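Note that the structure is predicted; figures quoted are calculated from it, not measured. We count ligands from 1, going down the list as the structure has it; atoms in each ligand are counted the same way. Values below: all heavy atoms of this structure, side chains included; hydrogens, waters and symmetry mates excluded.
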Amino acid sequence: MTKIAIALAATLGIAATGAQAQGSYPQRPITMIVPFAAGGPTDVIARIVGDHMSRTLGQQIVVENVAGAGGTTGITRGAQAQADGYTIMMGHMGTHGAAPALYPNLKYDPAKDFAPIGLAAGTPILIVAKKDFPANDLKGFLDYMKANGDKVNMAHAGVGSVSHSTGIFFNSVIKAKPTMVAYRGTGPALNDLMGNTVDYMTDQIVNVAPQIQGGNIKAFAIATAERSPALPNVPTTKEAGLDGYEVSAWNAVFAPKGTPPEIVAKLNDALAKSLDDENTRKRLLDLGGVIPSKAERTPEALQKLVESEVARWTPVLKAAGATAE
Ligand code: MLT
């Protein structure tokens with residue numbers, strides 16, 4: 001064999017080994033970083049879709065909660081992980097849409113540092129309050145806020161999170177200046193709302209729907225154009241008399257930039273199968289989640305969504321004067 005033939009054979013050998021290794025992915029459990037505390041919406045969605053993904057992939061998806069800095073701590077860790085398909089992340093509208101406007105030194109670029117896998121769920125936003133809040137509808141709430149706004153506490157999941165950015169936007173629309181109270185996720189924030197120690201928040205439907213249905217908290221409005229089938233008695237913001245506050249969030253799966261395309265395709269396929277599974281769908285729909293259409297589930301659609309969300313949230317948050325400090 002000539003030197004060139006030997007070199008070619010060696011190269012082909014390496015390529016074949018690489019292809020085999022990727023072809024047999026995954027060979028061990030996959031870590032899915034959830035950048036908030038357990039029990040909140042990001043965690044719940046990760047566990048619901050991850051369940052069926054594990055079955056398709058033949059390996060367990062293990063959720064790791066890495067909370068802090070409105071989700072940016074966990075997502076930074078995920079962005080810097082080995083791009084081998086064994087670390088993926090459940091990001092959302094906050095970590096991949098709002099955070100760049102609020103953290104000038106953010107260590108990742110949502111549009112450049114990830115291999116998008118696919119959208120997992122749409123999550124309408126609700127305006128909710130503790131059970132003892134002295135108002136029973138949005139009008140009463142707005143009147144109360146006009147008179148007592150500076151005495152009121154608003155819970156959120158950290159600067160840049162969904163509850164924080166949608167909350168800042170809400171406060172700017174209604175011209176309220178509550179004391180903002182940060183938690184490591186809206187799971188623990190909701191516990192305090194139920195315990196009457198904080199007053200209100202704007203949160204994703206999958207977190208609050210069961211407590212609204214159970215009468216443990218008050219829901220003043222859902223910030224979408226239509227009511228949710230999961231909460232048919234909750235009026236839209238428009239129906240409740242508030243213009244200019246329509247906002248929805250989303251959760252999506254990301255891998256670190258450089259993850260091989262074959263692995264991205266496998267993960268995307270597993271996610272799509274999960275979203276087609278009857279049990280996964282029921283669990284998400286019962287919580288008010290919106291199942292992405294087939295066109296919305298592709299990595300390309302998620303990339304476009306991230307770019308448009310950064311462009312949408314940056315001016316909104318800058319106009320509201322929000323910063324991480
Ligand atoms: C958020 O507000 O960003 C999320 O609801 C946080 C969480 O999943 O706990």
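The closest side-chain donor-acceptor pair between Asp203 and Thr186 falls under 3.5 angstrom. Judged purely by distance below 3.5 Å, without hydrogens or angles, the side chains of Gln204 and Asn251 pair a donor atom with an acceptor atom.
Listed by number with element, the atoms of ligand 1 under 4.0 angstrom from any heavy atom of His92 are 1 (C), 3 (O), 4 (C). Of all atoms in ligand 1, numbered sequentially from 1 with element shown, those under 4.0 Å from a heavy atom of Ala157 are 1 (C), 2 (O), 6 (C). The distance from ligand 1 to the heavy atoms of Ser161 drops below 4.0 Å at these ligand atoms: 1 (C), 2 (O), 3 (O). Close approach of ligand 1 to Gly185 (heavy-atom distance below 4.0 Å) involves ligand atoms 9 (O).
For the pair Glu307 and Lys304, the salt-bridge criterion is not met [side-chain N within less than 4.0 Å of a carboxylate O]. Salt-bridge check for Asp277 with Arg281: failed, with every basic side-chain N at 4.0 Å or more from each acidic carboxylate O.
The proximity of His164 to ligand 1, defined as any non-hydrogen pair under 4.0 Å, does not occur for either the backbone or the side chain.
Hydrophobic clustering keeps Val290 apart from Leu305 (ILVMFWY residues linked when any side-chain heavy atoms are closer than 4.5 Å, directly or through intermediates).
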> What do the steps show when you test Tyr200 against Phe220 for ring pair (Phe, Tyr, Trp, His ring centres under 6.0 Å), and what is the final call?
Replying inline: CA-CA 10 Å; Tyr200 77 105; Phe220 292 136; 8.7 Å; no
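A distance of 6.0 Å or more separates the ring centres of Tyr183 and Phe36.
Atom 4 (C) of ligand 1 has Gln204 OE1, 3.3 Å as its closest protein atom, hydrogens excluded (heavy atom only). Of the protein's heavy atoms, Thr186 N, 2.8 Å lies nearest to atom 9 (O) of ligand 1. Of the protein's non-hydrogen atoms, the one nearest atom 2 (O) of ligand 1 is Ser163 OG, 2.6 Å. The shortest contact between atom 8 (O) of ligand 1 and any protein heavy atom is with Thr42 OG1, 2.5 Å.
Using a non-hydrogen distance threshold of 4.0 Å, Gly71 does not register as a contact of ligand 1. Residue contacts with ligand 1: Asp203 is included, with a non-hydrogen atom under 4.0 Å away.
Under the 4.5 Å side-chain criterion, counting only non-hydrogen atoms from C-beta, Arg47 is not in contact with Met32.
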